[in-house]
Amino acid sequence: MRIGVFCSGGDAPGMNACLRSVVRSALSAGHEVVGIRRGYQGLLDEDFYINSDGEPLMTLRSVSGLTKFGGTMLHTSRCPQFRTEEGQKKAAAILRKCGIDALLPIGGDGTFHGAVDLARHWDGQIIGCPGTIDNDLIGTDFTIGFATAVQTAVEAVDKLRDTAESHERMFLVEVMGRHSGYIALHTALAAGAEVACIPETPTDFRQILEHLKVLKARGKQSIMVIVAEGDEEGGAEKLNQGICALGCPFSTRVVILGHLQRGGSPVTSDRILSTRLGDFAVRSLLAGHSGAMAGEVRGDLLLTPFETTYSEHKAVPPELVALLETMAE
Ligand code: ADP
Ligand code: F6P
């Protein structure tokens, strides 16, 4: 079998480890891997990884030492042309021309939407791996890159706490998560933040203010508010304006962590998750499966239809929201 592998959408730490796993698993089972560079855009441009023999095939050595590197050696992209039926038909024709039997996309919900659309025009198999820091896909407890992004955010918040304590200030720290509060909630819990503003729970300026006054009266000298970029009231700047307009008892500063969270060497759990899922995705293709994402749920590897992975909002665990409130005293 000839498998085409690519990364698509926002990069995520662990994508490289996943590529290594896909290549090694497929080659050890006697199959071929074509590395498609720059996601769906690269497929449309026929932009393939070329090995040292000048062939458009990945080798065992093409992925040597990759587990520790952030980013993706195949690059990634967002590709507006692939959203059109014309683009999808063109991609299907290229796949047929190149003799590719199966595709293995590593990406998020947009990438899987694209895979479903492509399957309308191409009869090859498609099994995906969840590569996104957002952890917003149904069918896996955690996505590749989430744990590293949280680790990066926690380290940043720990540092900000030092200066917040020194100046007796409140920091509003905005983290990524296009429509999801997962990164914010986990960061807040791990860093001991006082407040998390996430799209899954209502953000009420007056309620936050009352909480801040209580904490101030109890002798709190610094406050960390972790804001998900997708919060319904807006990002950290907007929340800062809203809270200050009501008379915040602390002087405030805003920090937006941004793309910092997408880079860096993947933490151990992301490396292991990536390696397990890449191998499982290949084995699933070889077993004849298609149209699904490889995921890990409570330690078990399983497939979930692409349509299900993005069918509804992946809820944050309510007990974690409650736990943060208990801890933020
Ligand atoms: P992610 O996969 O991380 O969610 P995007 O939302 O940017 O990232 O999606 C990656 C790519 O997948 C897009 O640039 C586009 O080419 C393709 N894609 C996204 N949504 C769709 C869709 N509804 N139909 C077809 N292709 C899509
Ligand atoms: O989906 C991953 C993500 O990092 C989101 O958390 C964020 O909103 C978005 O990508 C940023 O996208 P871009 O790289 O296009 O700025």
Side-chain angles (χ1 to χ4, degrees), residues 5-26 33 35-39 49 58 60-77 104-112 127-137 139-159 175-178 180 182-187 189-191 229 257-282 293-299 301 309 314:
V5 66
F6 63 94
C7 297
S8 167
D11 65 342
M15 278 182 162
N16 270 326
C18 191
L19 286 171
R20 173 178 174 272
S21 172
V22 167
V23 170
R24 297 249 164 116
S25 296
V33 179
I36 301 164
R37 289 154 45 86
R38 302 190 176 89
Y49 170 89
M58 300 193 79
L60 293 173
R61 294 284 72 77
S62 349
V63 290
S64 287
L66 270 193
T67 49
K68 67 180 178 189
F69 294 115
T72 156
M73 68 166 286
L74 287 180
H75 302 279
T76 183
S77 70
L104 205 159
I106 306 168
D109 61 323
T111 300
F112 298 156
I127 294 288
C129 283
T132 166
I133 64 167
D134 290 358
N135 198 32
D136 58 352
L137 292 165
T140 192
D141 286 341
F142 298 108
T143 54
I144 292 168
F146 169 71
T148 306
V150 170
Q151 181 65 32
T152 301
V154 168
E155 286 169 13
V157 174
D158 285 350
K159 290 188 171 83
V175 296
M176 278 189 164
R178 210 170 359 183
S180 172
Y182 257 98
I183 296 176
L185 185 57
H186 278 238
T187 300
L189 269 171
E229 64 173 337
L257 293 184
H259 294 79
L260 192 74
Q261 296 155 92
R262 289 230 299 253
S265 179
V267 297
T268 307
S269 61
D270 269 329
R271 298 183 195 196
I272 293 171
L273 180 67
S274 305
T275 306
R276 288 190 80 199
L277 292 183
D279 170 70
F280 178 58
V282 169
M293 179 194 82
E296 186 195 274
V297 175
R298 294 194 194 93
L301 297 175
T309 65
K314 180 172 171 177

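We use all heavy atoms of the structure for the numbers below, so side chains are in, but hydrogens, waters and symmetry mates are not.
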For the student: nearest non-hydrogen atoms of [X] and [Y], plus distance:
X	Y	answer
Asp136	Thr143	N-CG2, 4.4 Å
Ser180	Asp134	OG-O, 3.6 Å
Val5	Leu104	CG2-O, 3.3 Å
Gly9	Thr76	O-OG1, 2.7 Å
Pro13	Gly264	CB-O, 3.7 Å
Phe6	Pro105	CZ-CB, 3.3 Å

Could you list the residues that satisfy side chain to side chain contact (heavy atoms under 4.5 Å, CB included) with [X], not counting sequence neighbours?
X	result
Ala156	Leu257
Thr268	Ile272
Ala12	Met15, Ile133
Asp279	Ser21, Ser25, Arg283

If we ignore hydrogens and angles and just use 3.5 Å, is the side chain of [X] paired with the main-chain N or O of [Y] as donor and acceptor?
X	Y	answer
Gln261	Val175	no
Thr148	Val267	yes
Thr132	Gly108	no
Thr187	Ala153	no
Arg20	Thr275	no

Spacing of SG belonging to Cys7 relative to CE belonging to Met73, to within rounding of 0.5 Å: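 Spacing of SG (Cys7) from CE (Met73) equals 9.5 Å.
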
Asp109 and Thr309, any side-chain heavy atoms less than 4.5 Å apart: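 Sidechains of Asp109 and Thr309: no contact.
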
Note, Met293 side chain near Leu137 side chain (heavy atom, < 4.5 Å):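 Yes. Closest side-chain heavy atoms under 4.5 Å.
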
Whether Phe146 and Phe142 hold their rings parallel, tilted or perpendicular, with breakpoints at 30° and 60°: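 Judged by the thresholds at 30° and 60°, the geometry between Phe146 and Phe142 is parallel.
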
Counterpart residues, ring pair (Phe, Tyr, Trp, His ring centres under 6.0 Å), relative to Phe112 (two or more places apart):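 Applying ring pair (Phe, Tyr, Trp, His ring centres under 6.0 Å) to Phe112 gives Phe306.
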
Side chain to side chain donor-acceptor pair (under 3.5 Å) involving [X] - partner list, sequence neighbours excluded:
X	value
Gln151	Glu155
Thr111	Ser8
Asn135	Lys314

Leu19 and Ile106: CA distance, side-chain angles, deciding distance, side-chain contact (heavy atoms from CB on, under 4.5 Å) verdict: CA-CA 8 Å; Leu19 286 171; Ile106 306 168; 3.8 Å; yes

Salt bridge (Lys or Arg N to Asp or Glu O under 4.0 Å) contacts touching residues 61-77 (sequence neighbours left out):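 Every pair satisfying salt bridge (Lys or Arg N to Asp or Glu O under 4.0 Å) with a residue in residues 61-77: there are none.
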
Salt bridge (Lys or Arg N to Asp or Glu O under 4.0 Å) contacts in which one or both residues fall within residues 260-277, not counting sequence neighbours: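 Pairs touching residues 260-277 that pass the test: Asp11-Arg262, Arg276-Glu296.
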
Qualifying residue for side chain to side chain contact (heavy atoms under 4.5 Å, CB included) with Val154, from Thr152, Val157, Asp158: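 Among Thr152, Val157, Asp158, the one that satisfies the side chain to side chain contact (heavy atoms under 4.5 Å, CB included) with Val154 is Asp158.
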
Residue pair Leu301, Leu277: steps toward the side-chain contact (heavy atoms from CB on, under 4.5 Å) verdict: CA-CA 8 Å; Leu301 297 175; Leu277 292 183; 3.7 Å; yes

Stepwise side-chain contact (heavy atoms from CB on, under 4.5 Å) test for Phe69 and Ser265: CA-CA 5 Å; Phe69 294 115; Ser265 179; over 6 Å; no

Salt bridge (charged side-chain N to carboxylate O under 4.0 Å, His left out) involving Arg37 - partner list, sequence neighbours excluded: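 Listed in chain order: Asp47.
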
Residues Val63, Arg24; criterion side-chain contact (heavy atoms from CB on, under 4.5 Å); working and verdict: CA-CA 8 Å; Val63 290; Arg24 297 249 164 116; 3.8 Å; yes

